Amino acid sequence: MSILKSQILNFKLLGLGYLITIVAFFFYSFTQVDLNLTLSQASWWKTVQNFFQHIGYFNRPLSSVLYVMLVLLLFVFYIFFIKLAHKNRISTKNLWILILVMTGILTFSYNAFSYDLFNYIFDTKIITFYHQSPYMHKALDYMGDPMLSFMRWTHRTYPYGPVWLLLTTPLSFLGLNFFLPTFFLFKIFNSLYFLGTAYFISKILKKVNIGSKSLGVVLFALNPLVIIESLISSHNDTSMMFFAVLSVCLLIENKKLKSLLSLFFSIGIKFATVFLIPAYLYYLLKQKSENFSLDKFLNFIFFVMFIPVILATIRTTFQPWYLLYIIPFASLIPNKNYAISANIILTFFAVIQYVPFLYRGDWDRPVPEILMWITILGAALYIVYVLLSIKFAKLSILSRK
């Protein structure tokens, strides 16, 4: 009993330090509030906002150092939580309390590292306020709209599937076309998908490998890149992956029609998960064969989702949130060293990609070249580590008891 109490105490102390870091990241996010955006007209808030903006825009070396420190802390905590979960020293209740508190804090952060959330909001505004189609009209068609002063990519028409419009247009109605309520409705909406993805990862692992349930949830929900891209920046890739993970869960439960419907919802948000179709065909054709296993199916999904990441990178350039295509499925095979190491090595080099911009304030040369080499280095180190861990078992994270 004393050992159990000691483990609970250690987890609580670790969790407290982690949440302090999360709160610090919450405040840091406001250093990136666009200079043309005022979140509130209250005089006290303007003073607070100006203080944070001064760090983000006029003291960029300090801003960059703060970001790197916070990211490093998140990864240190992440590795500790992975080790505890691997040794079954985290209770399900305590883990979910930590995740819920973290989500509650970061839901109200500023979308510090991406302007995409503003585009999502404006896309629905074209429907609810201007009564036109975002597939036919772009933000620049409404030159008098005040949102244009702090948006980016105003020249593009709607690039996503119709399901994302179906899901988000009601948020625009509920927000009554007031920016701040709509902004937080979108943030809450995305946070719920984040929690839902973690829940269905847990549910799948309960069926496949109950001993790894907490580890899989930790790998996804406490991953620093997932936290930054899902809870802070609120990319719609989160909702796409929610429906994909839900689809896998329904498929394993033999609810095939509902599974396919959920998969089509996922594809209808953003098209990356269309590459799951070959894995689903494999499942349906091989399900009753003697050599079929869920482990093979989940591994198939993990590897096949590298394809859209690679194709998207070739088409444009690598973006950190592309790894959201992989991380949920890596979390479904937590007994594989290459899955855990992907969640650590690849995501670390992905979140570091924001440092050159934070330091310089633009994406001009030599930033693209720097980002390219960061991507290459991260991918190379991941491949080398996986190969070495196969040959030398001591290098494997899973071998450490």
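Note: hydrogens, waters and symmetry copies are ignored here, and every other heavy atom, side chains too, is used. Treat the numbers as computed from the prediction; the structure is a model and nothing was measured.
T168 approaches T124 most closely through the heavy-atom pair OG1-CG2, 3.3 Å. Smallest separation of non-hydrogen atoms from S64 and V355: OG-O, 4.1 Å. Nearest heavy-atom pair across P170 and L165 is CD-O, 4.4 Å. Scanning both residues, Y382 and Y338, for their nearest heavy atoms gives OH-O, 2.7 Å. Looking at every heavy atom in both residues, P134 comes nearest to I127 through CD-CG1, 3.6 Å.
Note on ring orientation: taking the six-membered ring where Trp is involved, the planes of F118 and F183 are tilted (angle from 30° to 60°). Aromatic ring pairs are classed by plane angle as parallel below 30°, tilted from 30° to 60° and perpendicular above 60°; the pair F243 and F265 is tilted. Taking the six-membered ring for Trp and thresholds of 30 and 60 degrees, Y283 and F292 have ring planes more than 60 degrees apart, a perpendicular arrangement. Between Y67 and F25, the two ring planes are perpendicular [angle over 60°; tilted spans 30° to 60°]. Note on ring orientation: taking the six-membered ring where Trp is involved, the planes of Y28 and F113 are parallel (angle under 30°, cut-offs 30° and 60°). By the 30° and 60° cut-offs, the orientation of the rings of F108 relative to F184 is tilted.
Side-chain atoms of T31 never come within 3.5 Å of backbone atoms of G56 as a donor-acceptor pair (strictly under, hydrogens ignored). The backbone N or O of A198 sits nowhere less than 3.5 Å from a side-chain atom of S202 that would complete a donor-acceptor pair. Without hydrogens or angle criteria, D362 side chain to F357 main chain gives no donor-acceptor distance under 3.5 Å. Between the side chain of N190 and the main chain of F186, no donor-acceptor pair closer than 3.5 Å is present. Of the possible polar contacts, one joining the S149 side chain to the P146 backbone as a donor-acceptor pair under 3.5 Å is found. Formation of a donor-acceptor pair under 3.5 Å by the Y322 side chain with backbone atoms of F306 is not found in this model. A donor-acceptor pair is defined here as one N or O able to donate and one able to accept, closer than 3.5 Å; no such pair exists between the side chain of S63 and the backbone of R60. Side-chain atoms of T38 do not come within 3.5 Å of backbone N or O of S40 as any donor-acceptor pair. N111 places no side-chain N or O within donor-acceptor distance of the main-chain N or O of I232, the cut-off being under 3.5 Å. Under a 3.5 Å cut-off, the side chain of Q53 and the backbone N or O of V33 do form a donor-acceptor pair.
Between the side chains of S233 and S114, no donor-acceptor pair is found at a separation under 3.5 Å. Checking Q132 against Y142 by side-chain atom types alone, a donor-acceptor pair falls below 3.5 Å. A donor atom on one side chain and an acceptor atom on the other are found under 3.5 Å apart for N177 and T128.
A salt bridge does not link D123 with K138: none of the charged nitrogens is closer than 4.0 Å to a carboxylate oxygen. Contact check on D295 versus K336 returns a salt bridge, with a Lys/Arg side-chain nitrogen under 4.0 Å from an Asp/Glu carboxylate oxygen.
In F51, the CZ atom is not crowded: 12 or fewer heavy atoms of neighbouring residues, nucleotides or ligands sit closer than 6.0 Å. Other residues, nucleotides and ligands contribute over 12 non-hydrogen atoms within 6.0 Å of the CH2 atom of W363. The number of heavy atoms from other shown groups lying within 6.0 Å of OH (Y130) is above 12. Other residues, nucleotides and ligands contribute only 12 or fewer heavy atoms inside 6.0 Å of the OH atom of Y359.
Between Y110 and F26, the closest side-chain pair of non-hydrogen atoms is not below 4.5 Å. Using a 4.5 Å cut-off on side-chain heavy atoms (C-beta onward), V309 and M305 make no contact. The closest side-chain heavy-atom distance from T154 to M147 is not below 4.5 Å. Here the side chains of F242 and T238 are not in contact, with every heavy-atom distance at 4.5 Å or above.
Sorted by first then second residue, the salt bridge (charged side-chain N to carboxylate O under 4.0 Å, His left out) pairs that include residues 366-380, not counting sequence neighbours, are R365-E369. Residue pairs meeting the side-chain hydrogen bond (donor to acceptor under 3.5 Å, both in side chains) criterion with at least one member in residues 258-273, sequence neighbours excluded, are D237-K270, S247-S259, S266-T273.
Taking the ring centre of F129 as origin, the terminal cationic atom of K125 falls inside the region bounded by 6.0 Å and 45° from the ring axis.
Screening F179, F122, Y115 for a ring pair (Phe, Tyr, Trp, His ring centres under 6.0 Å) involving F150 leaves a single residue, F179.
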